[in-house]
J.: 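What follows is a single structure, and I will ask about it in a moment.
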Amino acid sequence: MAKRKTKYVCHECGYESAKWMGKCPGCNNWNTFIEEIEVTGGRHKQSFQTGARSVGKPEKITSIETKEEPRITTTMKEFNRVLGGGIVPGSLVLIGGDPGIGKSTLLLQISSHLADKQLPVLYISGEESTKQTKLRADRLGVKSGLLYVLAETNLMDIANQIEAVKPSFVVIDSIQTIFREEVSSAPGSVSQVRECTSELMKLAKTNGIPIFIVGHVTKEGAIAGPRLLEHMVDAVLYFEGERHHTYRILRGVKNRFGSTNEMGIFEMKEEGLREVLNPSEIFLEERSQGAAGSTVVASMEGTRPVLVEIQALISPTAFGNPRRMATGVDHNRVPLLMAVLEKRVGLMLQNQDAYIKVAGGVKLDEPAIDLAIAVSIASSFRDQPTKPDDIFIGEVGLTGEIRRVSRIEQRVQEAAKLGFKRVICPKNNLDGWTTPDNIEVIGVNSVQEALNLGVSR
C-alpha cells in the first residue's frame with residue numbers, strides 16, 4: 001500500500017530535507033524550501049524506454065570505432081553556429097529567456113524550416129492551445145504539412161504520441177508545465193522538473209530524436225528550477241535582449257557538441273525573427289563621431305570577430321568614495337585598469353567617477369578588450385576623442401604592458417572589411433602573418449604607447 005511522506009526540497013539546488021529550514025545547507029540561499037509529498041511503497045515508476053534492455057561491457061578505448069555524427073542543419077546559419085554546426089540527433093537542448101523574448105517564435109520557425117526539409121516535427125505546447133499556436137504560425141507564415149502540433153502536459157501521453165508520430169524533431173514548451181502522474185507534487189516543482197527531464201532524456205537517447213525544451217527563468221535571469229536541470233541536458237542556450245528592442249542574442253552557456261563562446265544575433269520583425277549575418281554593422285551604426293570616451297574593439301565571439309563600441313564617462317565625484325559602474329563587462333575589471341592608468345601613466349583618477357558601457361547590449365568577457373577600456377577611460381578623462389577609424393586590441397597587464405591575444409588575423413580582417421584604417425594591437429602579435437593592404441597595423445608594448453598613438457594630450 002502506498003505511503004505518503006512529506007519532504008521539503010530547495011527549488012534552487014534540489015537539496016532535500018525532512019523538515020523546513022530557512023537557509024538551505026546546499027546553496028546557502030534563504031527561503032527556498034518548498035513542501036512536497038512523496039508517495040512510497042506503491043506502484044513502481046513506469047519507464048518509457050522501449051525495446052529489450054541491453055547491458056554494456058567495458059571496451060578498450062583503442063578498439064572503439066568512431067564516426068562523424070551527421071547534424072541536422074536549419075536555414076538559420078546563426079542558430080546552427082550557436083549549436084556548433086547544427087542539431088545533433090538524440091540531443092536534449094534547454095533554451096531559456098525572459099517571458100516574451102521570442103523563445104516560442106524561434107522554435108516554431110526552426111520547426112517550420114525542418115518540416116520544409118521533409119522532416120516530421122512535433123511541437124508540444126503546455127501553455128497554449130493548438131488554435132493559439134496556429135495563430136502564431138499564420139503570423140510567421142508557417143504552412144508545412146509535416147509540422148504536428150499537440151497541446152498536452154501529461155508526460156505519459158506525450159511519450160505515446162512521440163512513439164506514434166515518430167518525429168525527427170520535438171519541441172516541449174515548456175518543461176515547467178509538464179507533469180508525471182507518479183510524482184505527486186505540482187507541475188513546475190523540483191521533483192516534477194527533474195523526473196520529466198530525466199524521462200525526456202531517455203526518449204531522446206533511445207530513439208535518436210533531438211528534443212528542445214523551453215525553460216522559464218527567475219527574476220535573476222537563471223533557469224527556474226534546480227541547477228541539476230542544466231547538468232542533465234546536452235546544451236543550454238540563453239535568449240537575451242530587451243523586449244522593447246528589436247535585437248535578440250542567442251548565446252550558448254553549455255554545449256557538449258560545440259563551443260560555448262558562440263553567439264547568434266537576431267532581429268525581431270512582425271513576421272518573426274530574422275538573422276543578422278553581420279552584427280558589427282549593427283553595433284556600430286549609431287556610433288557618435290568625435291565623441292570623447294568612445295573606442296572600438298574587435299572581440300571574438302566563438303569563431304567570429306565582432307566589432308563593438310566601448311564607451312566611458314569619467315567625471316569628478318561628489319562623494320567620499322568614487323563610483324565604479326560597468327555594463328557589459330566585468331565590473332571588477334574597471335578599477336583594476338584605472339589603477340594601472342594611475343600608476344603607470346600618471347592619470348589622477350582616484351577622485352573621479354567611472355561609468356563603462358558596451359553599446360548594443362553585448363556582454364564581453366575576454367582579456368583582449370582591456371586596451372580599449374583603458375583608452376576609453378583616458379579619452380574621457382582628457383576630454384580628447386580617439387580617431388574614428390582606429391581599433392584597439394590587447395590585454396593589459398598590471399605593469400602596464402600589452403600582452404598578445406588570440407586570432408589577431410580574423411580581428412584585423414573584420415576591421416578592414418568595415419572600413420577602419422588603423423589597428424593598435426600588441427607588438428608580439430605582428431609576427432607570422434601578413435596584414436591586409438588597406439589597413440595599418442601598429443604594435444605597442446605598453447599602455448603609454450597606445451595612448452600616445454590613440455589619445456592626444
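Bear in mind that the values here come from a model prediction, so they are computed numbers and not experimental data.
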J.: Under the side chain to side chain donor-acceptor pair (under 3.5 Å) test, which residues partner S446, sequence neighbours left out?
T.: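 Partners of S446 by the side chain to side chain donor-acceptor pair (under 3.5 Å) criterion come out as none, since no residue qualifies.
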J.: Restricting to pairs with a member in residues 335-352, which pass side chain to side chain donor-acceptor pair (under 3.5 Å), not counting sequence neighbours?
T.: none
J.: Restricting to side chain to side chain donor-acceptor pair (under 3.5 Å), what partner residues turn up for T303, sequence neighbours left out?
T.: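 Per chain and number, T303 pairs via side chain to side chain donor-acceptor pair (under 3.5 Å) with E262.
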J.: Decide if the gap between the ring center of F266 and the ring center of F79 is smaller than 6.0 angstrom.
T.: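 Ring centroids of F266 and F79 are no less than 6.0 Å from each other.
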J.: Is it true that K202 and E199 make a salt bridge, defined as a side-chain N closer than 4.0 Å to a carboxylate O?
T.: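 Between E199 and K202 there is a salt bridge, with a charged N closer than 4.0 Å to a carboxylate O.
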J.: Going by the rule side chain to side chain donor-acceptor pair (under 3.5 Å), which residues pair with D234 if we only count those two or more places apart in sequence or in a different chain?
T.: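 Per chain and number, D234 pairs via side chain to side chain donor-acceptor pair (under 3.5 Å) with K205, R256.
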J.: Hey, are E395 and R404 close enough for a salt bridge, meaning a charged N less than 4.0 Å from a carboxylate O?
T.: no
J.: Could you give the side-chain donor-acceptor pairs of residues 281-291 under 3.5 Å, partners two or more places apart or in another chain?
T.:
unit_1 : atom_1 : unit_2 : atom_2 : d
E281   : OE2    : N278   : ND2    : 3.4
R287   : NE     : S294   : OG     : 3.3
R287   : NH1    : P388   : O      : 2.9

J.: Answer with yes or no whether the side chains of T317 and D353 bring together a donor and an acceptor at under 3.5 Å.
T.: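 The answer is yes; a qualifying pair exists.
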J.: Give me the one residue out of V170, V171, T133 that meets side chain to side chain contact (heavy atoms under 4.5 Å, CB included) with I124.
T.: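 With I124 as partner, side chain to side chain contact (heavy atoms under 4.5 Å, CB included) holds for just one option, V170.
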J.: For the residue pair S376 and T295, confirm or rule out a side-chain donor-acceptor distance under 3.5 Å.
T.: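 A pair is found: one side chain offers a donor N or O, the other an acceptor, under 3.5 Å apart.
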J.: Sequence neighbours excluded, which residues qualify as salt bridge (charged side-chain N to carboxylate O under 4.0 Å, His left out) partners of K417?
T.: E414
